[in-house]
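Whatever order the structure lists them in is the order used to number ligands and atoms, beginning at 1.
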Amino acid sequence: MCGIVGYVGPKSTVDVLLGGLKRLEYRGYDSAGVSVINHQGQLETRKKAGKLTKLVEDIEKAPLGESNIGIGHTRWATHGAPTDGNAHPHLGGEHQKLSLIHNGIIENFSELKTELLLQGAVFASETDSEAAAHLVAAQYAKTGDLTESFRTVVRRLHGAFTILVVHEDEPGLVLAARRNAPLVIGLGDGENFLGSDVAAFVEHTKRAIAVGQDEIVILKAGSVEIENFNGEKVTHEEFTVDWDASAASKGGWSSFMAKEIADQPQSVGDTLMARVSSDGYVNLEELASISKLIPNIDRIIMVACGTAAYASEVGKYAIEAWAKIPVSVELSHEFRYRQPILTPNTLVVAVSQSGETMDTLMATRYAKEAGASVLSICNTQGATLAREADAVLYTHAGPEVAVASTKAFTAQITAIFLLGLHLATVRGTQPKEDLQVIGKELLKLPGDIADVLTTTDSTRALAKKFKDARTVLFLGRHVGFPIALEGALKLKELAYIHSEGFAAGELKHGPIALIEEGQPVIVIVPSPSDPDSLHAKVVSNIQEVKARGAQVIAIAEQGDAEVSKYAAEVIYVPAIHKMLAPILNVIPLQIFAMELAAAKGLDVDQPRNLAKSVTVE
Ligand code: F6R
C-alpha cells in the first residue's frame with residue numbers, strides 16, 4: 001500500500017508530484033505529503049492527515065517554492081495513526097536536510113530505532129519509516145557520500161520497502177530502492193520520474209522501466225542508473241505504457257467507479273482483442289513460453305485474493321469444463337502455509353489486477369521454488385507479478401482507480417475464459433467447432449454489457465430503496481455462486497453493510513435460518529435453458545426464502561417468465577452462453593452496491609480502511 005512518486009526535471013515539481021499522487025491515491029488515502037528542494041537549495045516539506053485534497057488546499061494557501069526536484073507520498077497507515085506527524089515524508093539528520101518516503105514495512109525497525117535513540121536521534125513520528133531517514137542521514141554524516149550511505153542502509157533493512165530520498169546537499173538527485181514493493185521509472189526528455197506504478201507519470205511519459213528486486217535507482221534529470229544493493233550496475237529493458245492518461249481521469253463521471261463500470265464494454269473488448277478471431281478461434285501467443293508444459297499440465301491451481309479470487313472461481317468452472325484439467329482456487333495467503341503439493345506439471349495461475357498484491361506474489365514465489373510454472377493474469381504492465389511469472393496474460397482493462405474492483409474483475413474473467421479455450425484447443429479436449437461457438441459468444445460480450453448498462457434505472461431505484469438495510473444476502477449456483485460472493489463483497493466494502501454470499505444449494509444446510517420478514521435476498525438465476533435444470537432448483541430456492549418473508553431481487557435472463565412469479569423484483573440481462581453469464585450478472589450488482597453507498601453519502605471511490613494494492617502481508 002502507499003503510493004510514491006519522485007521527479008527531477010524542468011517542470012513545476014509540486015504540480016508533477018500532486019498530479020502523480022492523485023493518480024496513486026487509490027493505494028492509500030490516510031495522509032499525503034511532499035518534499036521539494038527549492039531554487040534556493042532548501043528542502044521544503046508539507047504533509048497533511050486525510051485525503052490528498054487536504055494537502056492540495058494547504059499548498060494552495062501557502063505555496064511551496066519553485067523547484068525542479070521532489071518526492072511525494074500518499075499513505076495507508078501501518079505503523080502509527082493517520083496524523084500529520086506520521087504522514088510522509090520523514091526528515092533525517094541534525095539539520096533535517098534529508099527527506100524520505102517509504103512504502104512497505106520495515107520489519108526490524110524497532111531494533112534500528114533503539115540503536116538510533118542511543119545515538120541521540122529524535123523521532124518525530126511513530127512510523128517505522130522514520131528510522132530509515134535517520135539511518136541514511138547518520139551514515140551520510142559519517143561518509144559524506146549520499147549514494148553509498150543509502151546503499152549501506154537499505155542493505156540493513158528487513159521487510160518490504162520502496163524508499164525514495166532527496167537531500168539538500170545533492171539538489172539534482174533522487175535515490176530510490178526497492179525490495180518486495182513496487183517501483184517503476186518513467187523516462188522523459190531532460191526529466192525523469194519514479195512511481196509506485198506507471199499511473200504516477202503516464203501523463204508525462206509512456207517510456208518506462210520496471211525496477212527489479214533489491215535494486216537502487218540513481219535518478220537525475222539527464223540520467224538514470226540502476227544498480228543492485230552491492231553497487232553493481234544493472235540494466236532492464238524499457239517498455240511502452242499502453243495506458244492512455246485520460247483513462248485514469250474521471251472524464252465527467254460522478255466517480256471513478258461509475259466510469260469504470262461504464263468502461264466495461266471497452267475493457268472486455270480490449271482484453272479479447274487479437275486473441276479471438278471473428279470465427280471464434282482462440283489463440284494466446286503470450287503462452288508460447290509455457291507451450292511445452294501445456295499438453296502435460298495435470299493440475300491448475302489459481303491463486304488470488306478478494307475479487308480476483310472470485311474471478312478465478314468463475315474460471316474454475318470454465319477451465320474444467322472445456323480443458324478437462326482439475327482446477328482449484330486458493331486464497332494466496334492460505335496457499336503457501338498449507339504445504340500444497342506441486343509438481344513440474346502443475347500450472348499455478350496467479351490472478352491480480354495490480355500485480356503487486358504481496359500475498360499473491362509470495363504464493364507464486366513459493367510455487368516456483370517448489371518446481372511449478374506460473375502464469376500471471378495481470379492488468380498492470382511492468383508489475384512485479386508479471387515480471388516474475390513464466391508467462392503473462394495481460395488483461396487490458398486500463399487503469400482501475402476506484403478501490404473496489406469492477407472492470408478489472410470482468411476483464412479477469414474474460415482472460416481466464418480465453419485461457420480455458422486456448423488450453424482446450426491445444427489439448428484437443430473438445431471439438432474445435434464447439435470451442436469456436438463459445439469463442440464467438442465471447443465476442444458478443446462487449447455489446448451485451450453495453451445493453452445491461454443502458455437499463456440500470458430499476459437497479460438504481462432498488463439501491464435507494466434498500467439503503468437502510470442492515471444485512472443483504474446473495475445466492476447463486478454454479479458460476480452464479482462466485483458472483484453472489486462478489487456481489488456481497490462489493491456491498492460490504494462500499495456501503496459497509498453486512499452481506500453474505502451463499503451457494504444456493506447450501507441454503508437448507510444452515511443459512512436459511514437467517515431469513516426473516518423483509519430480509520433482502522439477491523439471487524443470481526441461471527438461464528431457463530440450462531440443461532442441468534439448475535434454473536428450476538434456483539427458482540425453488542427463491543420460493544423457499546420467499547415463504548419465510550424474504551424480499552427477493554432476481555438477476556435473470558431476458559424472457560425468464562418463471563422467475564417473475566416469485567421474485568419481488570427482477571433485473572433482466574441478455575441471454576448468453578451459461579458459462580459467460582457471470583460477466584453480465586455482476587454488472588447490476590456493481591451498480592447496486594455503488595448506488596446504495598452513494599445514497600448513504602459514502603465515498604464510493606475510496607471506502608474507509610481500504611487500499612487498492614495490498615502490498616504487505
Ligand atoms: C475488491 C478488491 C480486492 C482486490 C484484491 C486483490 O473490490 O478490489 O478484493 O481484488 O485486493 O487485488 P489484486 O487484483 O490487485 O491482486
Next item on the list: Of the side chain and backbone of Thr360, name the one, both, or neither that has a heavy atom under 4.0 Å from an atom of ligand 1.
Entry: neither
Check: Which atoms from ligand 1 have a heavy atom of Ser352 less than 4.0 Å away?
Finding: 13 (P), 14 (O), 15 (O), 16 (O)
Checklist line | Parallel, tilted or perpendicular, as decided by the 30° and 60° cut-offs, for the rings of Phe201 and Phe193 | finding: tilted
Checklist line | Residue Ala308 vicinity, atoms of ligand 1 by number, heavy atom under 4.0 Å | finding: 10 (O), 14 (O)
Next item on the list: Below 4.0 angstrom from a heavy atom of Val403, which ligand 1 atoms are there? Numbered from 1 as shown, please.
Entry: 8 (O)
Notebook entry, point to check: Starting from atom 14 (O) of ligand 1, which protein heavy atom do you reach first, and at what distance in Å?
Noted result: Gln353 N, 2.6 Å
Note to self: Salt bridge check, Glu388 against Arg365: does any charged N sit closer than 4.0 Å to a carboxylate O?
What the structure shows: yes
Check: Does a side-chain heavy-atom distance below 4.5 Å link His102 with Arg75?
Finding: no
Margin query: Once rounded to the nearest 0.5 Å, what's the spacing between atom OG1 of Thr271 and atom NZ of Lys407?
Written below: 10.0 Å
Item checked: Heavy-atom nearest neighbour in the protein, as seen from atom 5 (C) of ligand 1, with distance rounded to 0.1 Å -> Cys305 O, 3.5 Å
Notebook entry, point to check: Does at least one non-hydrogen atom of Leu385 fall below 4.0 angstrom from an atom of ligand 1?
Noted result: no
Notebook entry, point to check: Can you tell which part of Lys490 has a heavy atom less than 4.0 Å from ligand 1: side chain, backbone, both or neither?
Noted result: side chain
Check: Just going by heavy-atom distances, which of Ser354, Ala408, Gly306 is nearest to atom 15 (O) of ligand 1?
Finding: Ser354
Checklist line | Shortest protein heavy-atom distance from atom 7 (O) of ligand 1, along with the residue and atom involved | finding: Glu493 OE2, 2.5 Å
Note to self: Which residue and atom name correspond to the protein heavy atom nearest atom 12 (O) of ligand 1, and how close is it?
What the structure shows: Thr357 OG1, 3.5 Å
Check: Hey, are Lys490 and Glu486 close enough for a salt bridge, meaning a charged N less than 4.0 Å from a carboxylate O?
Finding: yes
Note to self: With heavy-atom distances below 4.5 Å as the criterion, would you say the side chains of Phe417 and Ile583 are in contact?
What the structure shows: yes
Notebook entry, point to check: Nearest protein heavy atom to atom 9 (O) of ligand 1, by residue and atom, and its distance?
Noted result: Thr307 N, 3.1 Å
Checklist line | Side chain to side chain, Val349 and Ser312, heavy atoms closer than 4.5 Å | finding: no
Notebook entry, point to check: Should the heavy atoms of other residues, nucleotides or ligands under 6.0 Å from CZ of Arg338 be counted, would the total exceed 12?
Noted result: yes
